Amino acid sequence: MSLRIIINPGSSVPIYKQITEQIRMAVATGRLTVTDQLPSVRALAETLVINPNTVARAYADLAREGVIETRPGRGVFIIPKRKVVHPSEGRRRLEPLLNTLISEAMAMDFTAEELQEAFERKLSQWKNEKGGTHE
Amino acid sequence: MSDQPVIHTRDLTKYFGPKCAVNSLDLAIPRGCVFAFLGRNGSGKSTTIRMLLGLLQPDRGEASLLGCDSRALTPAVRARIGYLTEEHQIYGWMTVGEAGSFQAAFYPRWNEKIFRGVIGHFGLDPRAQVKHLSRGMRAGLCLALTLAPDPELLILDDPALGLDAVARRSLIESMIYLTRRADRTIFFSSHHLADVERVADYLAVLDYSVLRACCPLEIFRNSVREVQLRFAGAPPTLPPIPGLLQAFRTENELRVTCVHYNEETERALRALGPLALETVPLGLEDAFIHYLGERGEKSFILPGSEASV
């Protein structure tokens, strides 16, 4: 696996969340693709020097989200994304993220136009990185 | 495999003269976990560990390891326990290898492969003399001597004391390696909260002789929350808020740290009429520092039924 996960134990983000976020990001940008294999719980724990239960929790969350799957005796793999989240639930989860983004931008005196521009730029950046390999 | 806690204390108490060092401590450590024992210097952690190991008699209450009373640990039970405290004595004139052979004679279950493995992990030469070892290397040797008998229960009293970052990392790696066996339990005290966060499943916090938290690490983290409130003018006086640990005010801001932050707490804070209210997540170290802060309530026990049997 080419992905290098970096964890920061002092952070206000729990370690298991740092792992899930980095894996989710890697999948979203195409650095990890379907059929890629992730290290076993034990292997990742010993690489990152953390408790295996923390890795297990991260993997369990990702499995529940339909990002990865454990195949007994074979390993942990990235799977095609199923629609696990109902669109209205997805919109509900998006709300606070949008609020944070807009309020922070306003606090920094960005105009609505500047924010829109920055947003479009970032979106196309992501699309380019993905290279159209992921849905 | 028994479901009994591997470490159990009930009303464990110790006085040194008029000073209470450990006050009515109830602990139940389940098998197979990594359990961190936290608290400020002088809060009673080492005293507790000495009582667990039968090195010190309690004034009240009881303690047991692997189901055996701490005051009467049999050689058979002692052989299943590994412990590292500050007083670990090794003969300076011996070489690393000789120290291993010497220790091996006391333990029928001595595993030379484990000894060599830990020695190697810390980069120790078996021919090196103990008195020439640096602090970190000495700690590695002590750890090897403790782990080689393949103990079921490992009790470590501030094992990272005085160790540099590399040696500390090797120590944590050894602890994680131990978790390969589901029936192995580690109970350790530490001041390095970043290391604790890497490795611990549960934690207990001793605050000047009194147990103030005993729960899974994640629950402790989630339970302590910082809330920032912004006001148009000077912040109002804070009424008694349940779970308040600390409050810090600036010109038009109030920063409040709470435990068990819930809707009721949020309502009480919103009633102050802030322009904005934002909860800030805390890292383990900050949560710990706020929790033990001088100002604020001192009588909180976090629900810890998962760690109690």
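Bear in mind the structure is a predicted one, so any value in this text is a computation, not a measurement. Proteins come first, then strands; the chains are lettered A, B, ... in the order of their sequence lines, and each starts at number 1.
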Separation between [atom1] of [X] and [atom2] of [Y], rounded to the nearest 0.5 Å:
X	Y	atom1	atom2	result
I15(A)	L217(B)	CD1	CG	8.5 Å
R198(B)	L48(A)	CZ	CG	8.0 Å
L284(B)	S12(A)	CG	OG	12.0 Å
E218(B)	K17(A)	CD	NZ	8.5 Å

Just wondering, are more than 12 heavy atoms of other shown residues or ligands nearer than 6.0 Å to [atom1] in [X]?
X	atom1	answer
F231(B)	CZ	yes
F119(A)	CZ	no
E266(B)	CD	yes
R71(A)	CZ	yes
E263(B)	CD	no
M25(A)	CE	no
R230(B)	CZ	no

Is it the side chain or the backbone of [X] that comes within 4.5 Å of chain A heavy atoms, both, or neither?
X	answer
V199(B)	backbone
I176(B)	both
A200(B)	backbone

Non-hydrogen atoms of chain B under 4.5 Å away: do they reach the side chain of P52(A), the backbone, both or neither?
->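 The answer is the side chain of P52(A).
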**Request:** For chain A, find which of L282(B), D286(B), V280(B), V34(B) contributes the most heavy-atom pairs closer than 4.5 angstrom.
**Result:**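 Of the candidates given, the most pairs with chain A belong to L282(B).
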- So which bits of residues 153-173 of chain B come within less than 4.5 Å of chain A, counting non-hydrogen atoms only?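 From residues 153-173 of chain B, the residues near chain A are R169(B), I172(B), E173(B).
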key: Residues in residues 188-197 of chain B near chain A [non-hydrogen atoms, under 4.5 Å]   =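 If one takes a 4.5 Å heavy-atom cut-off, the residues of residues 188-197 of chain B near chain A are A194(B), E197(B).
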Between R42(A) and T179(B), is there a side-chain donor-acceptor contact under 3.5 Å, judged purely by atom types and distance? yes
